Amino acid sequence: MHAVILAGGKGVRLRPYTTTLPKPLVPIGDRYSILEIVLHQLAAQGFTSVTLAIGHLGHLIRSYVGDGARWGLSIDYAPEDSPLGTIGPLLAMPDLPENFLVMNGDILTDLCYAELLAAHRAAGAHLSVATYRREVKIDFGVLTTFGGRITEFAEKPCYDYRVSMGVYALNRRVLDAYTPGLPLGFDELVLDQLAAGRNPLDYAFDGYWLDIGRPDDYDRANAEFDALRPALLGSAG
């Protein structure tokens with residue numbers, strides 16, 4: 001099994017932590033980086049090869065990870081000279097397998113990536129998206145209006161949404177319609193799939209998931225990591 005980890009972003013929202021370190025290398029707890037946790041998980045679940053899409057401070061990631069031998073993985077690199085979005089880096093990667101995993105390099109989760117990829121294959125899907133239930137509380141009274149009149153009112157309502165976890169499974173054929181070297185975002189890919197009548201597979205997940213995108217999320221990850229270590233790393237933790 002093959003995985004692509006997107007590790008090229010500048011981590012602007014996580015500054016000042018990312019001033020001197022790329023976001024995937026910021027430490028969680030007292031021993032691991034986020035990227036190291038992900039590589040442990042992939043290896044434990046049977047993945048054998050990984051491509052790291054690198055950009056901002058990519059030389060530090062390459063120096064830290066090397067060829068992946070310490071995790072029992074074969075790791076190669078796809079450098080970005082300019083930002084290509086979430087999906088754009090994949091277009092220049094040769095020899096991708098028929099089905100493969102794609103994920104952001106800043107995710108802390110106990111999702112089984114191998115099971116997601118297996119479900120994707122079994123469904124014959126072009127694109128599968130790991131999704132998570134998020135409740136959003138609106139701290140205002142919400143009004144519905146029509147014709148200059150208020151027709152409905154809700155005081156500080158809560159809404160439930162399924163959000164993308166930043167983990168996907170793709171069939172390589174889904175990339176054939178796009179031009180290598182041009183930016184391509186996940187949003188554009190999903191909209192194109194919907195327009196073509198190829199509804200992506202929803203892989204619903206209700207375990208632990210945290211996107212380390214902001215200082216508050218990063219602080220929470222560090223506070224929770226000791227308790228979560230067995231679930232995230234198993235015997236390696």
Side-chain angles (χ1 to χ4, degrees), residues 1-7 24 28-29 32-54 61 65-78 86-87 89-90 93-133 162-175 186 189-190 193 198-212 221 224-225 227-237:
M1 292 187 290
H2 183 74
V4 176
I5 301 177
L6 305 170
I28 299 292
Y32 298 100
S33 68
I34 300 170
L35 182 55
E36 187 171 6
I37 293 169
V38 170
L39 293 175
H40 270 297
Q41 292 173 320
L42 290 172
Q45 293 174 23
F47 285 81
T48 57
S49 58
V50 172
T51 298
L52 279 167
I54 56 174
I61 294 176
V65 173
D67 63 3
R70 72 176 120 156
W71 297 283
L73 295 167
S74 174
I75 294 181
D76 62 1
Y77 298 87
T86 305
I87 304 299
L90 307 177
M93 295 180 186
D95 303 322
L96 286 170
E98 183 178 4
N99 294 286
F100 56 97
L101 185 83
V102 180
M103 64 178 297
N104 296 339
D106 56 359
I107 293 171
L108 200 62
T109 181
D110 58 357
L111 169 72
C112 182
Y113 306 114
E115 290 181 1
L116 165 60
L117 190 54
H120 166 81
R121 285 186 179 127
H126 286 77
L127 170 65
S128 301
V129 182
T131 66
Y132 197 82
R133 177 182 173 272
R162 294 218 67 86
V163 301
S164 169
M165 294 173 59
V167 185
Y168 326 104
L170 274 75
N171 185 289
R172 67 181 178 221
R173 290 173 295 172
V174 82
L175 304 175
F186 170 72
L189 178 65
V190 171
Q193 289 294 295
R198 293 193 293 264
N199 293 55
L201 179 72
D202 168 23
Y203 188 82
F205 177 69
D206 62 0
Y208 182 82
W209 171 66
L210 191 60
D211 181 349
I212 314 297
E224 296 175 346
F225 181 67
L228 292 166
R229 188 184 306 221
L232 293 172
L233 290 169
S235 60

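Just so we're clear, the structure is a prediction, and the values are computed from it rather than from any experiment. Every heavy atom of this structure was used, including side-chain atoms; hydrogens, water molecules and symmetry mates were not.
- From I5, atom CD1 reaches atom CD1 of I107 across 10.0 Å, with rounding to the nearest 0.5 Å.
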Problem - Residues L116, F205; criterion side chain to side chain contact (heavy atoms under 4.5 Å, CB included); working and verdict - result: CA-CA 10 Å; L116 165 60; F205 177 69; over 6 Å; no
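- Between atom OH of residue Y208 and atom CG of residue D110 there is a gap of 9.0 Å, rounded to the nearest 0.5 Å.
- Between V129 and F186, some side-chain heavy-atom pair lies under the 4.5 Å cut-off.
- When every heavy atom of L127 is checked against every heavy atom of Y168, the shortest pair comes out as CD1-CB, 4.2 Å.
- Taken to the nearest 0.5 Å, the CD1 atom of I34 stands 4.5 Å off from the CD1 atom of I28.
- Counting only heavy atoms from C-beta outward, the side chains of N171 and H120 approach each other to under 4.5 Å.
- Residues passing the salt bridge (charged side-chain N to carboxylate O under 4.0 Å, His left out) test with E115: none are found, sequence neighbours excluded.
- Listed here is the closest heavy atom pair of N99 and A125: OD1-O, 4.4 Å.
- Taking every heavy atom of both residues into account, A53 and P89 meet most closely at CB-CB, 4.0 Å.
- Between I61 and A7, the closest heavy-atom pair is CD1-O, 3.5 Å.
- Distance OG1/T86 to CE/M103: 13.0 Å, rounded to 0.5 Å.
- Rounding to the nearest 0.5 angstrom, the gap separating the CG atom in D202 from the OG1 atom in T131 is 3.5 Å.
- Just one residue in the list H40, Q41, E224 forms a side chain to side chain contact (heavy atoms under 4.5 Å, CB included) with L232, and that residue is Q41.
- What you find for L108 and A221 is that their closest heavy atoms are CD2-CB, 3.8 Å.
- Residues G68 and I75 share a closest heavy-atom pair of CA-CD1, 3.6 Å.
- At least one donor-acceptor pair under 3.5 Å links the side chain of W209 to the backbone N or O of M165.
- Note that CG of D67 and OG of S74 are 7.5 Å apart. Values are rounded to the nearest 0.5 Å.
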Donor-acceptor pairs are to be reported for all side-chain atoms of residues 42-51 against protein atoms at under 3.5 Å, with residues two or more places apart or in another chain.
{"from": "Q45", "atom 1": "OE1", "to": "Y113", "atom 2": "N", "distance (Å)": "2.7"}
{"from": "Q45", "atom 1": "OE1", "to": "A114", "atom 2": "N", "distance (Å)": "3.1"}
{"from": "S49", "atom 1": "OG", "to": "H2", "atom 2": "ND1", "distance (Å)": "2.7"}
{"from": "T51", "atom 1": "OG1", "to": "H2", "atom 2": "NE2", "distance (Å)": "3.2"}
{"from": "T51", "atom 1": "OG1", "to": "D76", "atom 2": "OD1", "distance (Å)": "2.7"}

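- V167 is not listed as a side-chain neighbour of Y132, based on a closest heavy-atom distance of 4.5 Å or more.
- Every residue two or more places apart in sequence or in another chain was checked for a ring pair (Phe, Tyr, Trp, His ring centres under 6.0 Å) with Y203, and none qualifies.
- Every residue meeting the side-chain contact (heavy atoms from CB on, under 4.5 Å) condition with N199, not counting sequence neighbours, appears here in chain and number order: L194.
- The ring pair (Phe, Tyr, Trp, His ring centres under 6.0 Å) test applied to F100 returns no partner, not counting sequence neighbours.
- Taking V174 as the reference, H126, L170, L189, Q193 meet the side-chain contact (heavy atoms from CB on, under 4.5 Å) condition, with sequence neighbours excluded.
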